Amino acid sequence: MSIYQSIKDNIYRRLEEAVNEAKACGELVFEECPAFVLEEPRERQHGDLATNLAMLLTKQARRAPREIAEIILKHFNTENTWISSWEIAGPGFINFRLNPAWLQGVIPEVLAQGDKYGSVNIGRGQKVQVEFVSANPTGLLHMGNARGAALGDSLASLLSVAGYQVEREFYINDAGNQIINFALSLEARYLEQFGQEVEFPEAGYHGEDLIDTVKRFIARDGDAYLHIEAEKRREALVRFALEEKIAAIKETLEDFGVYYDVWFSEKSLHDSGYIQETMQILKEKGYIYEQEGALWLRSTLFGDEKDEVIVRSNGLATYFAADIAYHRHKFERGFSKVINIWGADHHGHVARMKGAMQALGYDPDSLQIILMQLVRLIQGGEVVRMSKRSGRYITLRELMDEVGKDAARFFFLLRDPDSTVEFDLDLAKQESQDNPVYYVQYAHARLCSILRQARELGYDPDINPKQEQLALLNSPEERDLLKKIADLPGEIALAAKLTEPHRLARYVLDLAALFHTFYNSQRVLVPDEDLRTARLGLVRSVRYVLANVLRILGVSAPEKM
RNA sequence: GCGCCUGUAGCUCAGUUGGAUAGAGCAUCUGCCUUCUAAGCAGGGUGUCGGGAGUUCGAAUCUCUCCAGGCGCGCCA
């Protein structure tokens, strides 16, 4: 546990003890100590830590909050808490001030842990899977996929440093209806290339990229599939196109900094009979019935609005059936937690998916679905409807070409998944120069620059500062920086608990701001050896923290800019 | 019609799960480079937290209602 965390935990416990002691003395009456908060007040003048405990006890104790605060403080033991003073303020807050000497412990802690600083172990090695993007392999990756990629990848990294054993997975939708449409679209493009007039399938994929795919197919196999039966032609086209599309998706995601552990094929679930087997289990449990020639799942038993078809009257399993089998497969692989990142347009699917897991006997809460709102693309002042079928969308590739990987990722990571982001590509291009990501990266480059120069001047920046040297770091700028650094393990624990990586993007932005302020107010490479050693220790620590967080976010930390 | 999400500064967005005087960035204005990177710093103003009602010591946060936008409600995925 980090220094700061243990200080807070300790004070929290002492408060509980004080309250219980007051109760034992008969000075306070209450049933149970309420869950109070001990937090950093927004206003500096309110001290380092504040608690609302007294106010929460008013109802039970039937006394004025400030009176209760008095009683609590009378029983409060400050020994070994770093508390230097306290006061009762406002409606009944208890504000604590800490002896700033506690900050001297921060740098040694960071330097000792280095790349690992910030890691916590709330996961205790539990296996977690994060499945994200899982775009249909029938086209290119678009802005929505970009958001999902940034979010999913960072979440996976975050959980990993929070002590979970994480696997990243991409579910390949290489079966079902859309593959049939895909085949028909490819076939139409294929025949077109040989000058045949063909009607393009209504539900087909109009993207131009399919034309290129077909051209490459022809370059390889010529007209070999022109005069044979349609089924074989389609099969060959689909096999070729899928392979190519999946490879392209993989390559694009890798360029975006996303690497998967598992690429899971939907088709494999059909081929191996796993879907059949899963349906059989549900049938044996009595959750399936037949109506109008189709098989239905009684999903209403588990909170769904209506029952769902899982096998169509034509005998084909629906996407839902495959998805149930897929998620059963996930749990069978031993994940204690399974996280899916879906676009908000799939939210109707959430309840029935969880319901299906419950039907299979799994804890539906082990399946967490993070919905992200769609990305609204603005171009020329107008909303551009994104659709694979219409073929009109800005691709992830174009996004990276225009604004760069780091800026694109950071853009998404600064936002809560629940917010509908508007992405104006023209504006993004124009603003890519002052993207907040550069603010953070610049801080990192500056830190590296200081360390470089220190070496050039013959100073060894890797000396670990002694306590008395660290005591010299007592300016407000230095204290703020130290406090922020000390926060990291807590920030990571909270972000992981809430599965909200965007908190870390905010954190790193705040940290960069504090560093830039420090940089402009104090020099690191000063003649005084003790002060210089202490500040170099601070510089190294801040650099570790920036680099560690940027690594989680999948953003590079350049040494020079 | 029903369900989910959203509405915070001119723009893009945060807001530690109910705390004290609501914050950043962009834009705009004023200062700061013979000293570790000016992609930076310091300072100036900007708010009916969509409207209304309620819950309580205390609400941007919880409840209800209304308004606006997005997305769902297929034998599509």
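Letters A, B, ... mirror the listed sequences (proteins, then strands); counts begin at 1. The structure presented is a predicted model; accordingly, all values stated were derived computationally and were not measured.
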Participant: So which protein N/O to nucleotides 58-63 of chain B N/O distances come out below 3.5 Å?
Facilitator:
none

Participant: What is the nucleic acid contact for A:A64, judged by heavy atoms within less than 4.0 Å: base, sugar-phosphate only, or nothing?
Facilitator: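 Result for A:A64 = nothing.
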Participant: Of the nucleotides B:rC71, B:rU37, B:rA20, which one has an atom closest to the side chain of A:K560?
Facilitator: B:rU37
Participant: Report yes if a donor N or O on one partner sits less than 3.5 Å from an acceptor N or O on the other, where the partners are the side chain of A:N181 and the base of B:rA77; otherwise report no.
Facilitator: no
Participant: Just compare B:rG40, B:rA77, B:rU17 and give me whichever is closest to any side-chain atom of A:L498.
Facilitator: B:rU17
Participant: Please tell me whether A:Y289 and A:D307 have a donor and an acceptor in their side chains that are separated by less than 3.5 angstrom.
Facilitator: yes
Participant: Sticking with atom C1', work out how far B:rU28 lies from B:rU46, rounded to a whole angstrom.
Facilitator: 11 Å
Participant: Hey, could you give me the CD1/CG distance between A:I394 and A:L141, rounded to the nearest 0.5 Å?
Facilitator: 14.0 Å
Participant: For the side chain of A:E292, starting at C-beta, report the closest nucleotide among B:rC13, B:rC5, B:rC75.
Facilitator: B:rC75
Participant: Check every strand shown and say whether A:E559 touches a base, only sugar-phosphate, or nothing at a heavy-atom separation below 4.0 Å.
Facilitator: base
Participant: Specify the separation, in whole Å, of atom CZ of A:R506 and atom P of B:rU16.
Facilitator: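 These atoms are roughly 12 Å apart.
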Participant: Using atom types as modelled and distance alone, determine if a side-chain donor or acceptor of A:H444 lies under 3.5 Å from a backbone N or O of A:V440.
Facilitator: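 Looks like no, no N/O pair under 3.5 Å.
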Participant: Between the base of B:rG72 and the side chain of A:D345, is one N or O donor paired with an acceptor at under 3.5 angstrom?
Facilitator: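 Donor-acceptor pair under 3.5 Å: no.
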Participant: Do A:T278 and A:R328 have side-chain N/O donor and acceptor atoms under 3.5 Å apart?
Facilitator: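 Yes, because at least one side-chain N or O of A:T278 sits under 3.5 Å from a partner of the opposite role on A:R328.
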Participant: Over all strands shown, is A:D416 touching base, sugar-phosphate only, or nothing at heavy-atom distances under 4.0 angstrom?
Facilitator: sugar-phosphate
Participant: Ignoring hydrogens and geometry beyond distance, is a side-chain donor-acceptor pair present between A:Q441 and A:D406 at under 3.5 Å?
Facilitator: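 Per modelled atom types, A:Q441 and A:D406 side chains form a pair under 3.5 Å.
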Participant: Angle between ring planes, A:F36 versus A:Y12, binned at 30° and 60°: parallel, tilted or perpendicular?
Facilitator: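 Correct class here is parallel.
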Participant: Under a 4.0 Å N-O cut-off, is there an ion pair linking A:R44 with A:D480?
Facilitator: yes
Participant: What stems show up for RNA chain B when you take Watson-Crick pairs (N1-N3 plus N6-O4 or O6-N4) and G-U wobbles (N1-O2, O6-N3), both under 3.5 Å, and require three or more consecutive pairs?
Facilitator: B:1-7 with B:67-73, B:10-13 with B:23-26, B:28-32 with B:40-44, B:50-54 with B:62-66
Participant: Using a cut-off of 4.0 Å on non-hydrogen atoms, how would the nucleic acid contact of A:T517 be classed: base, sugar-phosphate, or nothing?
Facilitator: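 If one applies the 4.0 Å heavy-atom cut-off, A:T517 turns out to touch the sugar-phosphate alone, with no base involved.
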Participant: Check nucleotides 32-36 of chain B for protein N or O atoms closer than 3.5 Å to its own N or O atoms and list the pairs.
Facilitator:
{"unit_1": "B:rU35", "atom_1": "O2'", "unit_2": "A:R523", "atom_2": "NH1", "d": "2.8"}
{"unit_1": "B:rU35", "atom_1": "O2'", "unit_2": "A:R523", "atom_2": "NH2", "d": "3.1"}
{"unit_1": "B:rC36", "atom_1": "O4'", "unit_2": "A:R523", "atom_2": "NH2", "d": "3.4"}
{"unit_1": "B:rC36", "atom_1": "O3'", "unit_2": "A:Q453", "atom_2": "NE2", "d": "2.7"}
{"unit_1": "B:rC36", "atom_1": "O2", "unit_2": "A:V524", "atom_2": "N", "d": "3.4"}
{"unit_1": "B:rC36", "atom_1": "O2", "unit_2": "A:L525", "atom_2": "N", "d": "3.2"}
{"unit_1": "B:rC36", "atom_1": "N3", "unit_2": "A:V524", "atom_2": "N", "d": "3.0"}
{"unit_1": "B:rC36", "atom_1": "N4", "unit_2": "A:Y519", "atom_2": "O", "d": "2.8"}
{"unit_1": "B:rC36", "atom_1": "N4", "unit_2": "A:Q522", "atom_2": "O", "d": "2.5"}

Participant: For the CZ atom of A:R543 and the CG atom of A:L536, what is their distance to the nearest 0.5 Å?
Facilitator: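 That separation rounds to 13.0 Å.
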Participant: Using the P atom on both, measure B:rG52 against B:rA9 and round to a whole Å.
Facilitator: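 Those two atoms are separated by 16 Å.
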Participant: Distance between the C1' atoms of B:rC26 and B:rA60, in whole angstroms?
Facilitator: 23 Å
Participant: Using a heavy-atom cut-off of 4.0 Å across all strands, would you classify A:H346 as base, sugar-phosphate, or nothing?
Facilitator: base
Participant: If you look at every strand shown and take non-hydrogen atoms under 4.0 Å, does A:E491 touch a base, only sugar-phosphate, or nothing?
Facilitator: nothing
Participant: What distance, rounded to whole Å, do you find between the two C1' atoms, one in B:rC5 and one in B:rA22?
Facilitator: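 About 23 Å, rounded to a whole number of Å.
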Participant: State whether a side-chain donor-acceptor pair under 3.5 Å links A:R415 with A:H502.
Facilitator: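 Absent: no donor and acceptor within the cut-off.
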Participant: Please pick, from B:rC13, B:rA38, B:rC57, the nucleotide with the shortest atom-to-atom distance to any side-chain atom of A:Y442.
Facilitator: B:rA38
